[in-house]
Amino acid sequence: MNDKNLRIPKRVKRSDQIVESVKRWVALNRMQPGERLPNERELMEQFECSKGTVREALKSLEVQGLVSIRTGPNGGAILERVPYEKASALLRNFLHFEQPSGPEIYALRTLVEPEIAALATPRLTDEDLAALNALIKRCEVAPETFEERMDQRIAELEFHVLLAQRCGNAMLAFIGRFVNDMIRDMVIFKKSALPEQREFSCANLKYHQKLLAALKARDADSARQLMHEHMKSAEHFNRELEGQLNQHFLGMNRGIPG
(Lines give C-alpha, C1' and ligand atoms only; values in the text may rest on other atoms or scores of the structure.)
Protein backbone atom coordinates (compact mmCIF):
# COMPACT_ATOMS: atom_id res chain seq x y z
CA MET A 1 0.00 0.00 0.00
CA ASN A 2 1.29 3.44 -0.91
CA ASP A 3 2.20 5.37 2.25
CA LYS A 4 0.62 8.49 0.71
CA ASN A 5 -2.76 6.82 0.93
CA LEU A 6 -2.46 6.25 4.67
CA ARG A 7 -4.35 8.77 6.74
CA ILE A 8 -3.73 8.78 10.46
CA PRO A 9 -6.78 10.19 12.24
CA LYS A 10 -6.06 13.51 13.87
CA ARG A 11 -6.07 13.21 17.64
CA VAL A 12 -8.90 15.26 19.13
CA LYS A 13 -7.92 17.30 22.18
CA ARG A 14 -9.58 16.23 25.41
CA SER A 15 -11.01 19.72 25.89
CA ASP A 16 -12.59 19.59 22.42
CA GLN A 17 -14.10 16.19 23.25
CA ILE A 18 -15.63 17.73 26.36
CA VAL A 19 -17.04 20.64 24.32
CA GLU A 20 -18.81 18.25 21.94
CA SER A 21 -20.08 16.09 24.80
CA VAL A 22 -21.50 19.14 26.58
CA LYS A 23 -23.25 20.28 23.38
CA ARG A 24 -24.84 16.85 22.95
CA TRP A 25 -25.88 16.76 26.61
CA VAL A 26 -27.49 20.21 26.34
CA ALA A 27 -29.40 19.19 23.18
CA LEU A 28 -30.57 15.84 24.58
CA ASN A 29 -31.83 17.48 27.76
CA ARG A 30 -33.43 20.37 25.85
CA MET A 31 -31.71 22.88 28.09
CA GLN A 32 -32.50 26.55 27.56
CA PRO A 33 -30.57 29.84 27.78
CA GLY A 34 -30.12 30.89 31.39
CA GLU A 35 -29.71 27.35 32.73
CA ARG A 36 -26.42 26.34 34.35
CA LEU A 37 -23.91 23.73 33.36
CA PRO A 38 -22.46 21.49 36.09
CA ASN A 39 -19.68 23.20 38.05
CA GLU A 40 -15.98 22.64 37.40
CA ARG A 41 -15.60 19.87 39.98
CA GLU A 42 -18.60 17.96 38.63
CA LEU A 43 -17.24 18.24 35.09
CA MET A 44 -13.80 17.08 36.23
CA GLU A 45 -15.36 14.00 37.83
CA GLN A 46 -17.66 13.35 34.87
CA PHE A 47 -14.86 13.48 32.29
CA GLU A 48 -12.03 12.30 34.57
CA CYS A 49 -9.80 15.20 33.64
CA SER A 50 -7.91 18.09 35.20
CA LYS A 51 -9.26 21.51 36.15
CA GLY A 52 -7.15 23.06 33.38
CA THR A 53 -8.78 20.85 30.74
CA VAL A 54 -12.29 21.70 31.98
CA ARG A 55 -11.49 25.41 32.00
CA GLU A 56 -10.13 25.17 28.46
CA ALA A 57 -13.37 23.50 27.34
CA LEU A 58 -15.51 26.12 29.07
CA LYS A 59 -13.45 28.91 27.49
CA SER A 60 -14.04 27.36 24.08
CA LEU A 61 -17.79 27.26 24.72
CA GLU A 62 -17.63 30.90 25.83
CA VAL A 63 -15.75 31.98 22.69
CA GLN A 64 -18.38 30.21 20.59
CA GLY A 65 -21.04 32.25 22.38
CA LEU A 66 -22.77 29.22 23.91
CA VAL A 67 -22.05 30.06 27.55
CA SER A 68 -21.08 33.01 29.69
CA ILE A 69 -18.72 32.48 32.62
CA ARG A 70 -19.66 34.21 35.86
CA THR A 71 -17.43 34.44 38.89
CA GLY A 72 -18.31 34.47 42.56
CA PRO A 73 -20.36 32.21 44.84
CA ASN A 74 -23.21 32.01 42.34
CA GLY A 75 -20.94 31.87 39.32
CA GLY A 76 -20.30 29.17 36.78
CA ALA A 77 -21.13 28.51 33.14
CA ILE A 78 -24.53 29.86 32.09
CA LEU A 79 -26.06 28.81 28.78
CA GLU A 80 -26.53 31.67 26.33
CA ARG A 81 -28.44 32.00 23.09
CA VAL A 82 -25.90 32.77 20.34
CA PRO A 83 -26.87 36.19 18.93
CA TYR A 84 -27.87 36.19 15.29
CA GLU A 85 -25.40 39.00 14.63
CA LYS A 86 -22.46 36.90 15.84
CA ALA A 87 -23.48 33.82 13.84
CA SER A 88 -23.99 35.91 10.70
CA ALA A 89 -20.66 37.71 11.12
CA LEU A 90 -18.76 34.43 11.51
CA LEU A 91 -20.39 32.91 8.44
CA ARG A 92 -19.73 36.07 6.40
CA ASN A 93 -16.09 35.88 7.50
CA PHE A 94 -15.97 32.31 6.20
CA LEU A 95 -17.31 33.46 2.82
CA HIS A 96 -15.19 36.61 2.66
CA PHE A 97 -12.49 35.13 0.45
CA GLU A 98 -14.93 32.99 -1.51
CA GLN A 99 -16.34 36.27 -2.86
CA PRO A 100 -19.76 35.08 -4.04
CA SER A 101 -21.06 37.32 -6.79
CA GLY A 102 -24.22 39.40 -6.73
CA PRO A 103 -25.99 37.01 -9.15
CA GLU A 104 -25.06 34.02 -6.98
CA ILE A 105 -26.49 35.72 -3.90
CA TYR A 106 -29.66 36.70 -5.73
CA ALA A 107 -30.09 33.16 -7.06
CA LEU A 108 -30.23 31.88 -3.47
CA ARG A 109 -32.51 34.74 -2.51
CA THR A 110 -34.94 33.78 -5.27
CA LEU A 111 -35.26 30.32 -3.71
CA VAL A 112 -35.97 31.36 -0.12
CA GLU A 113 -37.72 34.74 -0.19
CA PRO A 114 -41.03 33.60 -1.79
CA GLU A 115 -41.54 30.93 0.89
CA ILE A 116 -40.58 33.38 3.63
CA ALA A 117 -43.22 35.82 2.35
CA ALA A 118 -45.91 33.11 2.27
CA LEU A 119 -45.09 31.83 5.76
CA ALA A 120 -44.94 35.32 7.25
CA THR A 121 -48.30 36.43 5.78
CA PRO A 122 -50.59 35.04 8.51
CA ARG A 123 -48.13 35.89 11.28
CA LEU A 124 -47.78 39.64 10.70
CA THR A 125 -49.30 41.90 13.33
CA ASP A 126 -50.77 45.34 12.72
CA GLU A 127 -47.51 46.76 14.11
CA ASP A 128 -45.51 44.70 11.61
CA LEU A 129 -47.63 45.93 8.71
CA ALA A 130 -47.20 49.52 9.90
CA ALA A 131 -43.43 49.00 10.08
CA LEU A 132 -43.38 47.60 6.53
CA ASN A 133 -45.39 50.58 5.33
CA ALA A 134 -42.95 52.98 7.02
CA LEU A 135 -40.03 51.29 5.24
CA ILE A 136 -41.82 51.73 1.92
CA LYS A 137 -42.43 55.43 2.66
CA ARG A 138 -38.68 55.93 3.14
CA CYS A 139 -38.17 54.90 -0.48
CA GLU A 140 -40.92 56.91 -2.19
CA VAL A 141 -38.96 60.14 -2.77
CA ALA A 142 -35.97 60.16 -5.14
CA PRO A 143 -32.77 60.50 -3.07
CA GLU A 144 -30.67 63.62 -3.48
CA THR A 145 -27.54 62.60 -1.56
CA PHE A 146 -25.40 59.51 -1.19
CA GLU A 147 -26.59 59.13 2.40
CA GLU A 148 -30.21 59.14 1.25
CA ARG A 149 -29.40 56.50 -1.37
CA MET A 150 -27.84 54.25 1.25
CA ASP A 151 -30.74 54.83 3.65
CA GLN A 152 -33.20 53.70 0.97
CA ARG A 153 -31.16 50.61 0.11
CA ILE A 154 -31.06 49.66 3.80
CA ALA A 155 -34.82 50.28 4.12
CA GLU A 156 -35.43 47.93 1.17
CA LEU A 157 -33.42 45.20 2.91
CA GLU A 158 -35.10 45.81 6.27
CA PHE A 159 -38.45 45.12 4.57
CA HIS A 160 -37.20 41.60 3.77
CA VAL A 161 -35.52 41.14 7.16
CA LEU A 162 -38.79 41.83 8.97
CA LEU A 163 -40.57 39.19 6.89
CA ALA A 164 -37.80 36.68 7.64
CA GLN A 165 -38.10 37.38 11.36
CA ARG A 166 -41.83 36.65 11.23
CA CYS A 167 -41.87 33.55 9.00
CA GLY A 168 -41.87 31.07 11.90
CA ASN A 169 -39.21 28.81 10.37
CA ALA A 170 -35.87 29.14 12.15
CA MET A 171 -33.78 27.89 9.22
CA LEU A 172 -35.50 30.04 6.61
CA ALA A 173 -35.39 33.04 8.93
CA PHE A 174 -31.63 32.70 9.39
CA ILE A 175 -30.94 32.15 5.69
CA GLY A 176 -33.20 35.04 4.69
CA ARG A 177 -31.57 37.46 7.11
CA PHE A 178 -28.09 36.19 6.23
CA VAL A 179 -28.63 36.65 2.48
CA ASN A 180 -29.75 40.21 3.10
CA ASP A 181 -26.61 40.81 5.16
CA MET A 182 -24.58 39.52 2.22
CA ILE A 183 -26.37 41.87 -0.14
CA ARG A 184 -25.67 44.78 2.15
CA ASP A 185 -21.99 43.91 2.54
CA MET A 186 -21.07 42.69 -0.93
CA VAL A 187 -23.56 44.27 -3.31
CA ILE A 188 -24.85 47.60 -2.05
CA PHE A 189 -21.58 49.06 -0.90
CA LYS A 190 -19.68 47.83 -3.94
CA LYS A 191 -22.22 49.49 -6.17
CA SER A 192 -22.12 52.77 -4.27
CA ALA A 193 -19.41 53.72 -6.78
CA LEU A 194 -22.08 53.81 -9.52
CA PRO A 195 -24.74 56.46 -10.09
CA GLU A 196 -28.21 55.93 -8.64
CA GLN A 197 -30.05 53.16 -10.52
CA ARG A 198 -33.47 54.77 -10.37
CA GLU A 199 -35.17 52.15 -12.54
CA PHE A 200 -34.03 49.43 -10.10
CA SER A 201 -35.22 51.48 -7.12
CA CYS A 202 -38.62 52.12 -8.71
CA ALA A 203 -39.06 48.41 -9.45
CA ASN A 204 -38.26 47.54 -5.84
CA LEU A 205 -40.72 50.15 -4.59
CA LYS A 206 -43.49 48.86 -6.88
CA TYR A 207 -43.05 45.28 -5.72
CA HIS A 208 -42.94 46.25 -2.05
CA GLN A 209 -46.18 48.19 -2.41
CA LYS A 210 -47.86 45.22 -4.10
CA LEU A 211 -46.47 42.85 -1.49
CA LEU A 212 -47.79 44.98 1.34
CA ALA A 213 -51.26 44.88 -0.20
CA ALA A 214 -51.11 41.06 -0.41
CA LEU A 215 -49.80 40.82 3.15
CA LYS A 216 -52.58 43.04 4.46
CA ALA A 217 -55.12 40.86 2.63
CA ARG A 218 -53.52 37.75 4.23
CA ASP A 219 -53.11 36.31 0.74
CA ALA A 220 -50.12 33.99 1.12
CA ASP A 221 -50.28 32.64 -2.44
CA SER A 222 -50.19 36.14 -3.92
CA ALA A 223 -47.38 37.11 -1.56
CA ARG A 224 -45.35 34.08 -2.67
CA GLN A 225 -45.92 34.83 -6.38
CA LEU A 226 -45.18 38.54 -6.04
CA MET A 227 -42.00 37.85 -4.10
CA HIS A 228 -40.85 35.39 -6.76
CA GLU A 229 -41.42 38.02 -9.46
CA HIS A 230 -39.68 40.63 -7.30
CA MET A 231 -36.63 38.42 -6.84
CA LYS A 232 -36.39 37.60 -10.56
CA SER A 233 -36.63 41.32 -11.34
CA ALA A 234 -33.95 42.14 -8.76
CA GLU A 235 -31.71 39.36 -10.11
CA HIS A 236 -32.09 40.78 -13.64
CA PHE A 237 -31.17 44.30 -12.53
CA ASN A 238 -28.28 42.96 -10.47
CA ARG A 239 -26.76 41.22 -13.48
CA GLU A 240 -26.89 44.49 -15.41
CA LEU A 241 -25.31 46.38 -12.52
CA GLU A 242 -22.61 43.74 -12.15
CA GLY A 243 -21.63 44.39 -15.76
CA GLN A 244 -21.61 48.15 -15.18
CA LEU A 245 -19.49 47.69 -12.08
CA ASN A 246 -16.94 45.56 -13.92
CA GLN A 247 -16.70 48.18 -16.66
CA HIS A 248 -16.34 50.92 -14.03
CA PHE A 249 -13.39 49.25 -12.31
CA LEU A 250 -11.84 48.24 -15.64
CA GLY A 251 -11.87 51.89 -16.65
CA MET A 252 -10.32 52.88 -13.33
CA ASN A 253 -7.54 50.31 -13.71
CA ARG A 254 -6.72 51.53 -17.20
CA GLY A 255 -6.21 54.99 -15.78
CA ILE A 256 -3.56 53.83 -13.32
CA PRO A 257 -0.04 54.53 -14.66
CA GLY A 258 2.34 51.57 -14.83
Side-chain angles (χ1 to χ4, degrees), residues 33 81-89 92 102 105-145 147-189 191 196-238:
R81 187 182 303 278
V82 178
Y84 163 79
E85 291 75 16
K86 180 170 186 174
S88 175
R92 296 200 319 271
I105 297 170
Y106 272 93
L108 175 58
R109 202 178 183 208
T110 300
L111 293 175
V112 299
E113 288 277 6
E115 195 60 29
I116 285 174
L119 290 174
T121 300
R123 296 171 175 271
L124 296 170
T125 65
D126 289 342
E127 290 76 14
D128 293 331
L129 294 170
L132 292 171
N133 186 58
L135 291 170
I136 290 173
K137 293 294 184 185
R138 281 168 55 182
C139 302
E140 288 182 343
V141 179
E144 296 181 358
T145 65
E147 288 73 20
E148 290 176 354
R149 282 177 58 195
M150 290 298 99
D151 178 72
Q152 289 191 354
R153 298 295 77 75
I154 296 302
E156 290 171 353
L157 292 179
E158 287 178 355
F159 184 98
H160 293 272
V161 168
L162 195 155
L163 293 180
Q165 291 173 320
R166 299 294 184 269
C167 77
N169 181 307
M171 289 297 295
L172 276 177
F174 180 86
I175 295 171
R177 293 180 68 185
F178 177 74
V179 168
N180 281 286
D181 284 347
M182 292 285 289
I183 291 173
R184 183 192 64 209
D185 291 350
M186 297 187 176
V187 179
I188 286 183
F189 293 114
K191 293 186 176 120
E196 166 72 358
Q197 289 78 42
R198 194 59 194 158
E199 186 179 0
F200 188 10
S201 301
C202 288
N204 288 339
L205 176 61
K206 178 188 71 173
Y207 277 113
H208 284 189
Q209 290 170 333
K210 290 182 177 181
L211 276 163
L212 182 58
L215 295 169
K216 285 182 175 179
R218 307 297 180 182
D219 188 341
D221 289 338
S222 292
R224 180 188 285 110
Q225 181 59 36
L226 282 167
M227 187 63 83
H228 178 76
E229 293 172 7
H230 177 25
M231 292 298 97
K232 296 304 290 184
S233 170
E235 185 177 2
H236 167 74
F237 278 113
N238 185 265

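Computed over heavy atoms, backbone and side chain alike; hydrogens, waters and symmetry mates excluded.
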Might you point out which heavy atoms bring [X] and [Y] nearest each other, and give the distance in Å?
{"X": "Cys167", "Y": "Leu119", "result": "O-CB, 3.4 Å"}
{"X": "Cys139", "Y": "Glu156", "result": "SG-CG, 3.9 Å"}
{"X": "Ala214", "Y": "Leu226", "result": "CB-CD1, 4.0 Å"}
{"X": "Ala131", "Y": "Leu162", "result": "CB-CD1, 3.7 Å"}
{"X": "Gly176", "Y": "Ile116", "result": "CA-CD1, 3.8 Å"}
{"X": "Arg177", "Y": "Ala164", "result": "CG-CB, 3.9 Å"}

Checklist entry - Does a side chain donor of either Thr125 or Asp128 reach within less than 3.5 Å of an acceptor in the other side chain? => result yes
Next on the checklist: When you compare the side chains of Asp219 and Gln225, does any donor N or O come within less than 3.5 Å of an acceptor on the partner?
Outcome noted: no
Checklist entry - Does Arg224 use its side chain to pair, donor to acceptor, with the backbone of Ala117 at less than 3.5 Å? => result no
Could you grab the distance from atom [atom1] of [X] to atom [atom2] of [Y], nearest 0.5 Å is fine?
{"X": "Phe200", "Y": "Leu205", "atom1": "CZ", "atom2": "CG", "result": "12.5 Å"}
{"X": "Leu215", "Y": "Asn133", "atom1": "CG", "atom2": "CG", "result": "11.5 Å"}
{"X": "Leu157", "Y": "Arg184", "atom1": "CG", "atom2": "CZ", "result": "8.0 Å"}
{"X": "Ile136", "Y": "Leu212", "atom1": "CD1", "atom2": "CG", "result": "4.5 Å"}
{"X": "Glu113", "Y": "Ile175", "atom1": "CD", "atom2": "CD1", "result": "11.0 Å"}
{"X": "His228", "Y": "Leu111", "atom1": "NE2", "atom2": "CG", "result": "9.5 Å"}

Item to check | side chain to side chain contact (heavy atoms under 4.5 Å, CB included) between Phe178 and Arg92, intermediate numbers included | outcome: CA-CA 8 Å; Phe178 177 74; Arg92 296 200 319 271; 3.2 Å; yes
Flag the pair [X] / [Y] as yes when at least one side-chain heavy-atom distance between them is below 4.5 Å, and no otherwise.
{"X": "Arg153", "Y": "Ser201", "result": "yes"}
{"X": "Val179", "Y": "His160", "result": "no"}
{"X": "Asp181", "Y": "Tyr84", "result": "yes"}
{"X": "Leu124", "Y": "Leu132", "result": "yes"}
{"X": "Phe159", "Y": "Leu211", "result": "yes"}

Item to check | salt_bridge(Glu229, Lys232) N-O dist < 4.0 Å | outcome: no
Checklist entry - What is the ring orientation for Tyr207 with His230, classed by angle as parallel under 30°, tilted 30 to 60°, or perpendicular over 60°? => result parallel
Next on the checklist: Take a 6.0 Å sphere around CD of Glu144 and say whether it holds more than 12 heavy atoms from other residues, nucleotides or ligands.
Outcome noted: no
Checklist entry - How far apart are the C-alpha atoms of Glu158 and Arg138, what are their side-chain angles, what is the distance that settles it, and do they pass the salt bridge (charged side-chain N to carboxylate O under 4.0 Å, His left out) test? => result CA-CA 11 Å; Glu158 287 178 355; Arg138 281 168 55 182; 3.4 Å; yes
